> 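Quick one: structure below, then a few questions.
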Amino acid sequence: MHAFDILGDPVRRRILELLQSGEKSSGAITEVIRAEFAISQPAVSQHLKVLRDNGFASVRAEGTRRLYSVDTTPMREVDEWLERFRRTWTPRLDALATEIARGKRERRKNTNKEASP
């Protein structure tokens, strides 16, 4: 499965957001996801399996509990892929921000001229 197929699912993105703050038990993840998405425990387990099988999450056993955490390797690979596009977007977005700021200065200057007697 491609990284964007995995990240394209809102449930899996939300699970990764939950794990971003630190390791969580499968029960804690399931509780939040069931409340937010109204899906069954087996469906949450399937999403966890997809994340685990594709390297986005790792799991460790602690007694009877399963503790999940984010594996950042695939996220770094996605970020590296996106970097090629950022190199194109960033100068253009910077130029747009400059033009917006210039327009705001011009409007303020014109407003101040109109307000002066």
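This structure is a prediction, so every number in the text was calculated from the model and none was measured.
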> Give the minimum heavy-atom separation between L67 and R65, together with the two atoms involved.
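Closest heavy-atom pair between L67 and R65: CD2-NH2, 3.2 Å.
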
> With rounding to the nearest 0.5 Å, note down the distance linking CZ in R66 to CZ in R60.
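So the CZ of R66 and the CZ of R60 are separated by 11.0 Å.
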
> By the ring-ring contact (aromatic ring centres under 6.0 Å, His included) test, which pairs, at least two apart or in different chains, include something from residues 37-83?
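Sorted result for residues 37-83: F4-W81, W81-F85.
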
> Can you sort out the partners of D5 under side chain to side chain donor-acceptor pair (under 3.5 Å), two or more places apart, ordered by chain and number?
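Partners of D5 by the side chain to side chain donor-acceptor pair (under 3.5 Å) criterion come out as none, since no residue qualifies.
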
> Scan residues 37-56 for pairs that pass salt bridge (Lys or Arg N to Asp or Glu O under 4.0 Å), counting only residues two or more places apart or in two chains.
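Residue pairs passing salt bridge (Lys or Arg N to Asp or Glu O under 4.0 Å), neighbours aside: K49-D53.
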
> With sequence neighbours excluded, tell me which residues meet side chain to side chain donor-acceptor pair (under 3.5 Å) with N54.
none

> In chain order, what residues pass the side-chain contact (heavy atoms from CB on, under 4.5 Å) check against T72, with sequence neighbours excluded?
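So T72 forms a side-chain contact (heavy atoms from CB on, under 4.5 Å) with V70, R76.
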
> Can you give me the closest heavy-atom contact between G8 and R13, atom names plus distance?
O-NH1, 3.0 Å

> Taking salt bridge (Lys or Arg N to Asp or Glu O under 4.0 Å) as the definition, give me every residue that meets it alongside E77, ordered by chain and number, with sequence neighbours left out.
none

> List, by chain and then residue number, the residues other than I100 in its hydrophobic cluster (Ile/Leu/Val/Met/Phe/Trp/Tyr, side-chain heavy atoms under 4.5 Å); write none if there are no others.
L96

> Between atom CG of L16 and atom CG of L51, what is the distance when rounded to the nearest 0.5 Å?
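Reported to 0.5 Å precision, the distance equals 5.0 Å.
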
> For Q46, give me all partners under side chain to side chain donor-acceptor pair (under 3.5 Å), at least two apart in sequence or on another chain.
none

> By the salt bridge (Lys or Arg N to Asp or Glu O under 4.0 Å) test, which pairs, at least two apart or in different chains, include something from residues 91-101?
E99-R102

> Using the test side-chain contact (heavy atoms from CB on, under 4.5 Å), find all partners of S40 that sit at least two apart in sequence or belong to another chain.
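If we apply the side-chain contact (heavy atoms from CB on, under 4.5 Å) test to S40, skipping adjacent residues, the hits are P42, A43.
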
> Counting neighbours of CD on Q41 that are heavy atoms of other residues, nucleotides or ligands and sit closer than 6.0 Å, is the number greater than 12?
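Enclosed.
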
> Tell me the side chain to side chain donor-acceptor pair (under 3.5 Å) pairs involving residues 25-37, sequence neighbours left out?
R14-E36

> So does K104 pair up with E106, basic N to acidic O under 4.0 Å?
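Not counted as a salt bridge, because no side-chain N and carboxylate O are separated by less than 4.0 Å.
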
> The criterion is side chain to side chain donor-acceptor pair (under 3.5 Å); which residues satisfy it with S21, sequence neighbours excluded?
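Once residues adjacent in sequence are excluded, the partners of S21 under the side chain to side chain donor-acceptor pair (under 3.5 Å) criterion are K24.
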
